2 protein chains.
Amino acid sequence: MSEIKKQLFEQLALITQSLASPQRIELLDYLAQAERSVDELSQLTSLSTANTSRHLQILKQNGLVLMRKQGKSRLYKIAGDDVIQLISCLRRTAENHLAEVTRLKQNILPSYIDKEAISSKELLSKMNTCAILLLDVRPLKEFEQGHIKGAVNISPESIEQKINDIPHDKTVVAYCRGPYCAYSYQMVEALRQRGLKALRLEEGFPEWKAAGLPFEINQVV
Amino acid sequence: MSEIKKQLFEQLALITQSLASPQRIELLDYLAQAERSVDELSQLTSLSTANTSRHLQILKQNGLVLMRKQGKSRLYKIAGDDVIQLISCLRRTAENHLAEVTRLKQNILPSYIDKEAISSKELLSKMNTCAILLLDVRPLKEFEQGHIKGAVNISPESIEQKINDIPHDKTVVAYCRGPYCAYSYQMVEALRQRGLKALRLEEGFPEWKAAGLPFEINQVV
DNA sequence: ATATCATTCAATTACTTAATTGAGTAAGGA
DNA sequence: TCCTTACTCAATTAAGTAATTGAATGATAT
């Protein structure tokens, strides 16, 4: 094989090597939601600061995340929508070919398994034809850095507190971080117990945004 | 973080770890074109048989390829279209974020750089509106295992020999293995030197098939 | 100046990788 | 039946890479 082709494969392997660590995948999973500092990420993942910093540098070196300095902190974010799509592809492949993933997904939330999830496409068409209340069930910080156009935020901790304010005349669609996130399941479960019509969006916000669908950002004050 | 989420990330890392070796990416690149035996792959990649076999087993263990026995040989093939899409995503990410890839791609065939490539979408619409001759520029074996519907095969070695038979009244579109493959560039170059109107399809056959676009298979006799 | 946040360094431990060897198996042909 | 071909397997090598920690250093804001 040509030398150049070999070198190209080596470059592709740089990307996969960056992704070949559960810790770094977890970091990317958090970064897919919002830009964050080393310290925040270190707390979210329970890795030491030094270790988190090193993992982030490997990701940065291979182009998967970007960094900017802000005051005392350094904020990291996903380098682009293509990276989110790559992780989505990865998830899909794992689900299709690794039996263990299927098993784990069934265990993640046995009581909330919901066959009635709708796709982004279905949501878009429903929004045109009937009254939908779109709920973003993620921490406020993530909502502020981007959410589906028209969505209303109810952070996971405040579900119980705010749930009674939700009007009964609309179909509720809830979404959260993505396929491995429990929040939208919990929300749908809670709404149904109260007799509301509730559906879960299959995709999370990162996939929605990466697909080029309409979203909006609330500037942090 | 929940234990299950950690385990899910570990499963994702199994896939990326399988892909985290230039040799295995190369093997997958060949397998994306056609089902092949260990021996064939060993010759294509210049790896020893035992080494090739071992790499293939790692890929198989993590669900990226499938194996079947046929007579004395064991034939390996890509496990599914999702794997081809994953590799496409990977390539895209590498091109977007690694400067070295851009540099290498410019070097791969400096004389054949062609801005006039068309996408699969454009090809499909062109096929409805004007007379197109679609050329598959890959070895016959790969063509036989699947090619774009309506395509005619001219194997890379026989370009010079068959090129004068190509009618001048049609627009020629040539495709080959994919973005890192030189054959379609060579074909377009040769056709243009003879004054024919020729375009290159951006995508290779694996991407076309993985996108669910129409293809056909010639059964090997 | 001092506190805060992050990076870097050095050292340790653990794992991965590629390649090789030699034995072993299984299918098919002579 | 035995030989050849095609591949696998298990064990081993050497080299390399990775993950992690704690301490030291560097940068920035108050």
Side-chain angles (χ1 to χ4, degrees), chain A residues 1 6-7 9-31 34-62 64-77 141, chain B residues 1 6-7 9-31 34-62 64-77 141:
Chain A
M1 193 184 42
K6 276 234 157 34
Q7 283 173 270
F9 287 130
E10 274 164 31
Q11 293 292 313
L12 295 191
L14 284 181
I15 304 277
T16 42
Q17 279 156 15
S18 310
L19 291 171
S21 139
Q23 289 85 347
R24 287 196 289 271
I25 297 179
E26 193 187 352
L27 286 168
L28 286 172
D29 198 54
Y30 283 116
L31 290 171
E35 193 175 31
R36 298 181 201 265
S37 70
V38 179
D39 192 51
E40 271 180 280
L41 288 165
S42 148
Q43 283 178 272
L44 284 165
T45 56
S46 316
L47 297 172
S48 71
T49 316
N51 198 7
T52 306
S53 172
R54 205 174 151 283
H55 280 305
L56 288 168
Q57 277 165 51
I58 292 168
L59 290 170
K60 181 165 155 256
Q61 197 184 313
N62 295 312
L64 296 174
V65 302
L66 299 173
M67 189 266 279
R68 70 187 174 96
K69 295 182 188 183
Q70 194 194 50
K72 293 182 253 183
S73 303
R74 297 184 187 197
L75 302 180
Y76 284 85
K77 68 173 176 188
K141 163 163 186 170
Chain B
M1 191 184 44
K6 277 235 161 24
Q7 283 173 270
F9 288 130
E10 274 164 30
Q11 293 291 314
L12 296 191
L14 285 181
I15 304 276
T16 41
Q17 279 156 14
S18 310
L19 291 171
S21 140
Q23 289 86 347
R24 288 197 287 272
I25 298 180
E26 194 188 351
L27 286 168
L28 286 172
D29 198 54
Y30 283 116
L31 290 172
E35 192 176 32
R36 296 180 202 266
S37 69
V38 178
D39 192 51
E40 271 180 281
L41 288 165
S42 148
Q43 282 177 274
L44 285 165
T45 56
S46 317
L47 297 172
S48 72
T49 315
N51 198 9
T52 306
S53 172
R54 209 178 145 280
H55 280 304
L56 288 168
Q57 279 166 50
I58 291 169
L59 290 171
K60 182 167 154 251
Q61 196 185 313
N62 294 312
L64 297 174
V65 302
L66 299 173
M67 189 266 279
R68 68 185 174 99
K69 295 183 186 181
Q70 194 194 50
K72 292 184 254 184
S73 304
R74 295 182 189 200
L75 301 181
Y76 284 84
K77 68 173 177 189
K141 163 165 186 167

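From a predicted model like this one, the values you see are computed outputs, not experimental measurements. Lettering follows sequence order; numbering is per chain, from 1.
Nearest to the side-chain atoms of L47(A) among the listed nucleotides dC9(D), dG22(D), dT20(D) stands dT20(D). Of the candidate nucleotides dA18(C), dT7(C), dT8(D), dA18(C) has the atom lying nearest to any side-chain atom of R54(B). Closest contact between the side chain of S53(B) and the listed nucleotides dA18(C), dT8(D), dA19(D) involves dT8(D).
Regarding D39(A), its CG atom lies at a distance of 17 Å from the P atom of dA3(C), rounded to whole Å. Whole-Å rounding puts the Q61(B) CD to dT8(D) P distance at 13 Å. Between the NZ atom of K6(A) and the C1' atom of dA18(C) there is a distance of 13 Å, given to the nearest Å. For the pair L75(B) CG and dT5(D) C1', the interatomic distance rounds to 15 Å; values are reported in whole Å. Rounded to an integer number of Å, the gap from CZ of R36(B) to P of dA6(D) is 17 Å. Straight-line distance from the CD atom of E40(B) to the P atom of dC7(D): 9 Å, rounded to whole Å. Between F9(A) atom CZ and dA18(C) atom C1' the separation is 18 Å, expressed in whole Å. As a whole-Å value, the separation of K69(B) NZ from dC7(D) C1' is 10 Å.
For S48(A), a side-chain nitrogen or oxygen approaches OP1 or OP2 of dT21(D) to under 4.0 Å. For R24(A) and dA19(D), the shortest distance from a side-chain N or O to OP1 or OP2 is below 4.0 Å. Using a 4.0 Å cut-off, some side-chain N or O of N51(B) falls inside it from OP1 or OP2 of dA19(C). An OP1 or OP2 oxygen of dA6(C) is reached within less than 4.0 angstrom by no side-chain nitrogen or oxygen of T52(A). Considering only side-chain N and O atoms, H55(B) lies nowhere under 4.0 angstrom from the phosphate OP1 or OP2 of dT17(C). Between S37(B) and dC7(D) there is a side-chain N or O to OP1 or OP2 distance below 4.0 Å. Using a 4.0 Å cut-off, some side-chain N or O of Q57(A) falls inside it from OP1 or OP2 of dT8(C). For the pair Y76(B) and dA6(D), the criterion of a side-chain N or O lying under 4.0 Å from OP1 or OP2 is not met. Contact check, Q23(A) against dT20(D): a side-chain N or O comes under 4.0 Å of OP1 or OP2.
Side-chain atoms of R36(A) do not come within 3.5 Å of backbone N or O of L27(A) as any donor-acceptor pair. The closest donor-acceptor contact from the side chain of S37(B) to the backbone of R74(B) lies at 3.5 Å or more, if one exists at all.
For the pair S73(B) and I58(A), nearest-nucleotide mapping onto DNA chain D gives the more 5' position to S73(B). Each of Q17(A) and R74(A) was assigned the nucleotide of DNA chain D with the nearest heavy atom; the assignment lying further toward the 5' end belongs to Q17(A).
Two residues are said to be in side-chain contact when any heavy atoms from C-beta on lie closer than 4.5 Å; K77(B) and R68(B) fail this criterion. Looking only at side-chain heavy atoms (C-beta outward), L19(B) and L64(B) come within less than 4.5 Å of each other.
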Stepwise side chain to side chain contact (heavy atoms under 4.5 Å, CB included) test for Q23(B) and L47(B): CA-CA 9 Å; Q23(B) 289 86 347; L47(B) 297 172; 4.0 Å; yes
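Contacts of S53(B) classified as side-chain hydrogen bond (donor to acceptor under 3.5 Å, both in side chains), with partners at least two apart in sequence or in another chain: Q57(B).
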